[in-house]
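Following: one structure in structure tokens, then a few remarks.
We count ligands from 1, going down the list as the structure has it; atoms in each ligand are counted the same way.
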Amino acid sequence: MAGELEEVRSFVPEPENARLLRDAFGRFATGVAIVTVAGPEGPVAITVNSFSSVSLDPPLVLWSPDRRSRRFPHFEAAEHFAVHILEAGQGELCWKVVKDAYALSGLGLLPNSHGVPVIPHVLARFDCRREAVYEGGDHAIILGRVEQAELRETGDALAFFRGQVGRFLSA
Ligand SMILES: Cc1cc2nc3c(=O)[nH]c(=O)nc-3n(C[C@H](O)[C@H](O)[C@H](O)COP(=O)(O)O)c2cc1C
């Protein structure tokens, strides 16, 4: 607002101020997605906000797993994965998967046609085949070709902003 003193921090990203860069990235409000793959002992899942649509023709999406994550080898190796766009009421599920890669075990999730366990009642789902894995610093960039998709007509989105999840109301 005009006349108010506003603190603006300007910085050159360095390893020492990674927290600031993370906070700046966090000013980008996103949806929240859970990516699943079929692990040797059942579903392996990760909560992500790095999901992005890329191309309509061919149908491509991307997301970025952290190489330092214990779950990383599962996602890098998987030929098929499913991306679930969470609905506003799925905040608890989001945090369970943040804490535990195997949180979806025992929920009786059904597999898609490629054996990937899928979460029901989400806003949209993209069943993907891994198209490419690119270098992205401490993350990898996984490009997926959408082989099957589904969407719901109604429902509010689970949104992520400044480290917190909330409800983004649909019109
Ligand atoms: C809203 C939200 C978005 C996240 N997005 C990503 C992401 O895009 N990529 C990623 O590797 N981790 C992301 N994380 C962190 C993972 O969900 C998870 O907490 C992390 O993999 C835990 O470390 P571990 O795999 O070593 O157990 C996100 C966490 C939250 C809460």
Without placing hydrogens or testing angles, list every side-chain donor-acceptor pair under 3.5 Å for residues 93-106, not counting sequence neighbours.
residue: Asp100; atom: OD1; partner: Tyr102; partner atom: N; Å: 2.8
residue: Ser105; atom: OG; partner: Tyr102; partner atom: O; Å: 3.1

For [atom], what is the nearest protein heavy atom, given as residue, atom name and distance?
atom: atom 18 (C) of ligand 1; value: Val98 O, 3.6 Å
atom: atom 4 (C) of ligand 1; value: Thr47 O, 3.3 Å
atom: atom 27 (O) of ligand 1; value: Arg70 NH2, 2.6 Å
atom: atom 22 (C) of ligand 1; value: Arg71 NH2, 3.6 Å

Could you give the distance from CD1 (Ile34) to CD1 (Ile119), rounded to the nearest 0.5 Å?
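Here the rounded value is 4.0 Å.
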
Atom CG of Leu62 and atom OH of Tyr134: how far apart are they, to the nearest 0.5 Å?
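Going from the CG atom of Leu62 to the OH atom of Tyr134 covers 10.0 Å.
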
Where on Val97 is there a heavy atom closer than 4.0 Å to ligand 1, on the side chain, on the backbone, on both, or on neither?
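The answer is neither.
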
Atoms of ligand 1 close to [X] [distance to a heavy atom under 4.0 angstrom, numbered from 1]:
X: Asp66; value: 10 (C), 11 (O)
X: Phe160; value: 1 (C)
X: Ser50; value: 7 (C), 8 (O)
X: Pro65; value: 11 (O)

Would you call the rings of Trp63 and Phe75 parallel, tilted or perpendicular, taking 30° and 60° as the class edges?
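The rings of Trp63 and Phe75 stand perpendicular, inter-plane angle above 60°.
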
Checking the side chain of Asp127 only, and the main-chain atoms of Phe81 only, is there a donor and an acceptor separated by less than 3.5 Å?
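Absent.
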
Closer than 4.0 angstrom: is that true for some heavy atom of Ser64 and an atom of ligand 1?
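It does; at least one heavy atom falls under 4.0 Å.
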
Take every heavy atom of Trp95, measure it against each atom of ligand 1, and state whether any distance is under 4.0 Å.
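Checking ligand 1 against Trp95, which is what was asked, there is a heavy-atom contact under 4.0 Å.
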
Decide, yes or no, whether a salt bridge links Arg130 with Glu79 under the criterion of side-chain N to carboxylate O below 4.0 Å.
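Looking at Arg130 and Glu79, the cut-off is not met.
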
Testing the basics here: between Asn112 and His114, what is the closest heavy-atom pair and its distance to 0.1 Å?
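Distance-wise, the nearest heavy atoms are OD1-N, 2.8 Å.
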
Heavy atoms only: give me the nearest His84-Val122 pair and the separation to one decimal.
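The answer is CB-CG1, 3.8 Å.
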
Counting both backbone and side chain atoms, is some N or O of Ser69 under 3.5 Å from an N or O of ligand 1?
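Yes, at least one N or O pair falls under 3.5 Å.
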
